[in-house]
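Each remark here refers to the structure printed beneath this line.
Letters A, B, ... are given to chains in the order of the sequence lines, protein chains preceding strands, and every chain is numbered from 1.
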2 protein chains.
Amino acid sequence: MLAAAEIAVIQDTRRRLLFAAGEVFAERGFHQATVREITERAGVNVAAVNYHFRDKAELYRVVLKECHCHSESMGGPMPVEGDTAEDRLRCFVDAFLHRLLHPDRPAWQGLLMAREMTQPTDALDALVEECIRPCSRDLEVIIHELTGGKLSKDREWMLAFSVVSQCLFYLHDRPLIERLYPKLAIQPPTIEQLVEHIHAFSLAAIRAAQ
Amino acid sequence: MLAAAEIAVIQDTRRRLLFAAGEVFAERGFHQATVREITERAGVNVAAVNYHFRDKAELYRVVLKECHCHSESMGGPMPVEGDTAEDRLRCFVDAFLHRLLHPDRPAWQGLLMAREMTQPTDALDALVEECIRPCSRDLEVIIHELTGGKLSKDREWMLAFSVVSQCLFYLHDRPLIERLYPKLAIQPPTIEQLVEHIHAFSLAAIRAAQ
DNA sequence: ATCAGTTTCAAATGCTTGTTTGAAACAGAA
DNA sequence: TTCTGTTTCAAACAAGCATTTGAAACTGAT
């Protein structure tokens, strides 16, 4: 029987590998990342990758899964049954942006997601089905209510895309933002400010939709 | 003295290299792209890359430059001096979306841009200053007029971001869209439909901004 | 026909990569 | 201690890569 502390020691190199791998995969992407850089940064031997995980690909899969599980635990206030559609829209934007940009979330997790978006791997399919589609359904319901169900499905999708795209912009296009307005690189708007803006912007637009 | 046709023949392998390189770089990214695949697809010898260009990196630089120049020549109707701010906003969205999604534009050009967004190279800085910032200024002026100049610069930026982000979404997050709504992968909305939607959505939101 | 310059090519070179290996270090049990 | 299973490690391996090379093919001019 092993004490928790001893298990932690035993699995120390495994944990260090996972953390280092997250950083390096995010910085360089899967193919440009080398197991040598990962193991050096983790302070372990190269062979540790093949011992604790089967190979580089398996290491990546585990990193991505950890990333996803970790992001589940954060987010803004959950919507309540009795809330109005307006409030639930705000909750949605709030939760989504917190998921994407929360400072407690290691920066490399957002980068990994962005990479999956331009160079999709098999992991993206799983991510969409398990995590993104449920979120998407929530938003569809909200928009359906806000528009009184008078619009076609296609138009509802486009409204949903307009909401989501504003959030994703601050995750995916940060390099663009920082080059256009260097000031924002130093003093970025708070997540609360972004939520407030995107909620107001989208609500006005959805209300006007017909 | 050489006839134009003869020059074309002489530089044939160079042109074929550039075209094949554009495709392969976009499909695989710079590092995953191999000189061998590029030269095979172009039907020329491996050494041609080092003869016509110094190396793989120089080939990439030239491809990116060609891509940028080519995209300048297309776009929707230019705004006219006397147009209202509303019309100029539509022109902006139209021109921007055409630039990003025009079917005549080889698909790999959009992909290359998306790649620059998640893995910026030096080329991105040049691109922002030469092409994106001027466009951005146009939009700022339009928004300034639409809001009567009553908002802070920061709020004007956020409104501009909300407009631009909706356009970029269809360029950057296509893998997401196609997985969420497979129907849209087969029968995507026309650019005109997107312009109509984004213009209406944004205009209503900007008008409501205060 | 000969020549000089340009362009192509097959083969080889040297480097980096992911992965394997076999020995060594370590831990707990008998 | 001795034994057994686990974990680490330095070194080596095999494959893939960009790049080089030197000869061959081709071009237009002399």
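Checked against C:dT8, C:dA11, C:dT19, the side chain of B:Thr13 finds its nearest nucleotide in C:dT8.
Residue B:Arg36 places no side-chain atom within donor-acceptor reach of the base of D:dG16, judged by atom type and a 3.5 Å distance cut-off alone. At a cut-off of 3.5 angstrom, the base of C:dA10 holds at least one donor-acceptor pair with the side chain of B:Asn45.
Between A:Thr34 and the phosphate of C:dT16, there is no side-chain N or O to OP1/OP2 separation shorter than 4.0 Å. Applying the 4.0 Å criterion to OP1 and OP2 of D:dT8, one finds that A:His52 has a side-chain N or O inside that range.
B:Gln166 and A:Ser165 form no side-chain donor-acceptor contact under 3.5 Å, judged by distance and modelled atom types alone.
Nucleic acid contact for B:Val44: sugar-phosphate only, since backbone atoms but no base atoms lie under 4.0 Å from a heavy atom of the residue. Nucleic acid contact class of A:Ala33 (heavy atoms, under 4.0 Å, all strands): sugar-phosphate only.
Ring geometry for A:Phe30 versus A:Tyr60: interplanar angle over 60°, hence perpendicular rather than tilted (30 to 60°).
Separating the CZ atom of A:Phe53 from the P atom of D:dT8 is a distance of 11 Å, rounded to the nearest angstrom. Counting to the nearest Å, the C1' atom of C:dT19 and the CG atom of A:Asp55 are 9 Å from each other.
Where A:Ala47 and A:Tyr51 each meet DNA chain D at their nearest nucleotide, the meeting point lying more 5' is that of A:Tyr51.
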Check your understanding: Does the pair B:Lys183 and A:Asp154 meet the rule for a salt bridge (charged side-chain N to carboxylate O under 4.0 Å, His left out), with working shown?
Key -> CA-CA 10 Å; B:Lys183 173 196 163 189; A:Asp154 287 21; 3.1 Å; yes

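For the side-chain contact (heavy atoms from CB on, under 4.5 Å) criterion with A:Cys167, the lone passing option out of A:Val195, A:Leu100, A:Leu194 is A:Leu100.
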